[in-house]
Amino acid sequence: SGWIKFTEKITEWEWYSDANTFRVFMHLLLTANFEDKRWRNIDVKRGQIITGRMELAQTLRLSERQIRTALDKLKMSGVITIKTTNQYSLITVENYTVSRFLTENVQPKPNSRPTRSPQK
């Protein structure tokens, strides 16, 4: 019941050309809580997700090593933080509101440039 809007500047993001890292980040954005919730007596806040490497690997059809590498890259660049237990990981998308929209509050100019393909 939400939406994510990207500007063309997403192509300038450091992980855009890294298919696995980009895919993992998009998955985290799409599945992170958009409001605070409670799960098994744990507060999971807006922008957080409870998951694990095996679950991500299965969902995204990547190996656990590929998931670990992608998460490490995102963590090292400050995009996410991870709190790990022996049962799950609590991943926080930093600056979730900004990351979620990755847009400037600028309305597109009509006919500013042609579309690349017809809209459905």
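Since the structure is predicted, the reported quantities are computational estimates derived from the model, not experimental observations. Values reported hereafter were calculated over all heavy atoms of this structure, with side chains retained and with hydrogens, waters and symmetry mates removed.
Atoms CH2 and CZ, on Trp15 and Phe22 in that order, are 13.5 Å from each other to the nearest 0.5 Å. In this structure, the separation between CD on Glu14 and CG on Leu74 is 8.5 Å, given to the nearest 0.5 Å. Distance check, rounded to the nearest 0.5 Å: NZ of Lys73 to CG of Leu71 gives 11.0 Å. Atom-to-atom distance recorded for Thr21:OG1 and Trp13:CH2 is 7.5 Å, nearest 0.5 angstrom. One finds the CG atom of Leu56 at 7.5 Å from the OG1 atom of Thr31 (value rounded to the nearest 0.5 Å). Atoms CD1 and CZ, from Ile91 and Phe25 in turn, are 11.5 Å apart once rounded to the nearest 0.5 Å.
More than 12 heavy atoms of other residues, nucleotides or ligands shown are found within 6.0 angstrom of CD on Glu64.
Grouping the Ile, Leu, Val, Met, Phe, Trp and Tyr side chains by contacts below 4.5 angstrom, directly or via other members, places Leu30 apart from Val44. Residues Leu90 and Leu28 fall into different hydrophobic clusters, defined by Ile, Leu, Val, Met, Phe, Trp and Tyr side chains chained together at heavy-atom separations under 4.5 Å. By the criterion of side-chain heavy atoms lying less than 4.5 angstrom apart, applied directly or through intervening Ile, Leu, Val, Met, Phe, Trp or Tyr residues, Leu60 is grouped together with Val93 in one hydrophobic cluster. Val79 and Ile50 are assigned to two separate hydrophobic clusters, defined by single-linkage of ILVMFWY side chains at heavy-atom distances under 4.5 Å.
Between Ile67 and the choices His27, Glu55, Met54, Arg53, the side chain to side chain contact (heavy atoms under 4.5 Å, CB included) rule is met once, by Arg53.
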Please tabulate, one pair per line, all N/O donor-acceptor pairs under 3.5 Å involving side-chain atoms of residues 81-89, not counting sequence neighbours.
unit_1	atom_1	unit_2	atom_2	d
Thr81	OG1	Glu94	OE2	2.9
Thr85	OG1	Gln87	N	3.1
Thr85	OG1	Tyr88	N	3.1
Thr85	OG1	Tyr88	O	3.1

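Judged by distance alone, with hydrogens and angles left aside, the side-chain atoms of Gln48 form a donor-acceptor pair with the main-chain N or O of Lys45 at under 3.5 Å. Judged by distance alone, with hydrogens and angles left aside, the side-chain atoms of Asn20 form no donor-acceptor pair with the main-chain N or O of Gln66 at under 3.5 Å.
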